[in-house]
Every structure is written in C-alpha cells, then in structure tokens.
Amino acid sequence: MKSTIDSHDTCPSCGRQTASRSKCVYCSTVTDLDVKSLQFENFKACDEENAYSEFPENMSLLNPKTNTEFKINVKKVKIGRDASNQFVISDDTFTSRHHAWITFENGRFWLEDLSSTNGTFLNGHPLLKRQEIKAGDRIRVGHTELSLIQKDDD
C-alpha cells in the first residue's frame, strides 16, 4: 500500500503534484489553520521529489528602500506582513499578511500570489498566475518593490 507521500494527484489549477487526496497548498483558498495542516505533507513530498535539483546558493531578495537583503537558502519563501513569513514587510499596510510565495522547483524560481488583497506585480505587470522569475526581476507586493539579485561567487 502506497503512503500519501508516494501517491500524487495533480492540481487542476496549477498542475503541481499534491499529496494524494489533499488540497493544493498553493491554489486552495483555505484558512491559515488549514494551510498549516496541509503544508507539512505537501512540502515534504515536494522536497523529496525535487531533491535532485541543484539549489543556487547566491540568490537574494533585496528591498532597496530599506536596504534589507534576504538570502534565499530554502526552497519556499513566503513574503508578507505577518511575522511568520520568511521575508517580513511589516511597515507596508498594503502588503497582505501572507502575500506571495517564491518557490524553487525543478531548477527554477517561481513567484506566486497568495490571493493577496492588492495583488503581486512582476516587472510592473500584475501577476495573474505563477511565473518563473530570474535575477534582475522586480517584484512588487503592496507598495514595496523588491529585486531578485544574484551575487557573483567570490
């Protein structure tokens, strides 16, 4: 008998593999409590599935206004006002508590809006679905503009 992690369903909205018989943690509109209960199994499945992908160690998010830099050293980074996010933007009331994800899947970085109130923008354009992002891209959440930067290896 296969475990939940071994068997996968495909999300009809984004096409990601999800743990069998569970909601897609990226696309479902669920309460924070539901998200916490879904994240563990889905993230564990995704991490095992994408373990072969080489993770770049020189990518960062930069907030040029505050000169805050966040080194991206995990495969999932949540951006928002809430202190539980990895990249916290506490001084912008137009940023949602849980605004957007940056994920690393199959060797590429992706940006996805988390049904935020004011939307997420990529290079000045509204983000309507998850999109691949690269170094040099500008990400706007609320009134805060961030840059995805790649530092040269020293």
Side-chain angles (χ1 to χ4, degrees), residues 11 13-18 22-154:
C11 173
S13 180
C14 70
R16 281 193 181 96
Q17 286 189 340
T18 60
S22 68
K23 296 178 184 175
C24 178
V25 80
Y26 296 94
C27 297
S28 297
T29 304
V30 293
T31 65
D32 289 342
L33 181 60
D34 290 332
V35 170
K36 288 176 184 169
S37 68
L38 293 171
Q39 284 176 341
F40 179 73
E41 288 299 321
N42 282 308
F43 287 175
K44 190 172 178 183
C46 288
D47 284 341
E48 288 174 4
E49 179 180 307
N50 293 325
Y52 67 89
S53 297
E54 187 174 319
F55 190 81
E57 296 182 11
N58 55 353
M59 296 296 277
S60 297
L61 265 180
L62 175 68
N63 181 341
K65 186 177 177 181
T66 61
N67 204 29
T68 304
E69 185 176 334
F70 175 80
K71 184 173 171 48
I72 300 175
N73 56 9
V74 293
K75 292 186 178 187
K76 290 146 192 80
V77 175
K78 193 167 26 168
I79 302 167
R81 257 188 9 256
D82 193 88
S84 67
N85 294 296
Q86 287 81 15
F87 192 88
V88 178
I89 304 171
S90 58
D91 60 345
D92 183 353
T93 58
F94 289 90
T95 298
S96 294
R97 289 183 326 114
H98 303 284
H99 200 103
W101 286 110
I102 292 179
T103 58
F104 184 75
E105 300 172 46
N106 300 321
R108 299 183 288 181
F109 284 99
W110 297 87
L111 176 66
E112 188 168 355
D113 185 74
L114 295 174
S115 300
S116 63
T117 303
N118 295 309
T120 301
F121 292 79
L122 178 59
N123 298 321
H125 301 285
L127 191 69
L128 303 176
K129 61 179 184 171
R130 87 182 188 124
Q131 287 190 282
E132 183 179 356
I133 55 174
K134 298 179 181 81
D137 281 342
R138 292 172 292 112
I139 301 163
R140 192 176 89 216
V141 294
H143 287 167
T144 303
E145 186 153 315
L146 308 170
S147 298
L148 186 64
I149 60 172
Q150 185 171 18
K151 296 198 172 187
D152 294 329
D153 293 330
D154 294 331

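Both backbone and side-chain heavy atoms feed into the values below; hydrogens, waters and symmetry mates do not.
- Taking CZ of Phe70 as the reference point, atom CG of Leu146 lies at 11.5 Å (rounded to 0.5 Å).
- To the nearest 0.5 Å, atom CZ of residue Arg130 and atom CG of residue Leu122 are 13.5 Å apart.
- Between Lys76 and Glu112 there is no salt bridge, since no side-chain N of the basic residue sits under 4.0 Å from a carboxylate O of the acidic one.
- At distances below 3.5 Å, not a single donor-acceptor pair connects side-chain atoms of Thr95 with backbone N or O atoms of Ile89.
- Counting heavy atoms from C-beta on, the side chains of Asn85 and Ile79 never come closer than 4.5 Å.
- Checked by atom type, the side-chain pair Thr68/Asn63 shows no donor-acceptor distance below 3.5 Å.
- With hydrogens and angles left out, the side-chain atoms of Asn118 and Ser116 include no donor and acceptor closer than 3.5 Å.
- Under the 3.5 Å distance criterion, the side-chain polar atoms of Arg108 are left unmatched by any main-chain donor or acceptor of Trp110.
- Nearest heavy atom pair, residue Arg138 against residue Ser147, reads CG-OG, 4.4 Å.
- Counting heavy atoms from C-beta on, the side chains of Asp82 and Val88 never come closer than 4.5 Å.
- The structure places NE2 of His99 at 10.5 Å from CD1 of Ile139, a figure rounded to the nearest 0.5 Å.
- For Lys71, the NZ atom counts as densely surrounded, since its 6.0 Å shell holds more than 12 non-hydrogen atoms of other residues, nucleotides or ligands.
- Annotation: the span from Glu145 atom CD to Asn123 atom CG amounts to 8.5 Å, rounded to 0.5 Å.
- Here the side chain of Asp137 pairs no donor or acceptor atom with the backbone of Leu148 at under 3.5 angstrom.
- Between the CD atom in Glu69 and the CZ atom in Phe87 there is a gap of 9.5 Å [rounded to 0.5 Å].
- With Asp113 contributing its side chain and Lys129 its backbone, the two residues share no donor-acceptor pair below 3.5 Å.
- Residues Phe109 and Ile102 have side chains in contact (heavy-atom distance under 4.5 Å, counting atoms from C-beta outward).
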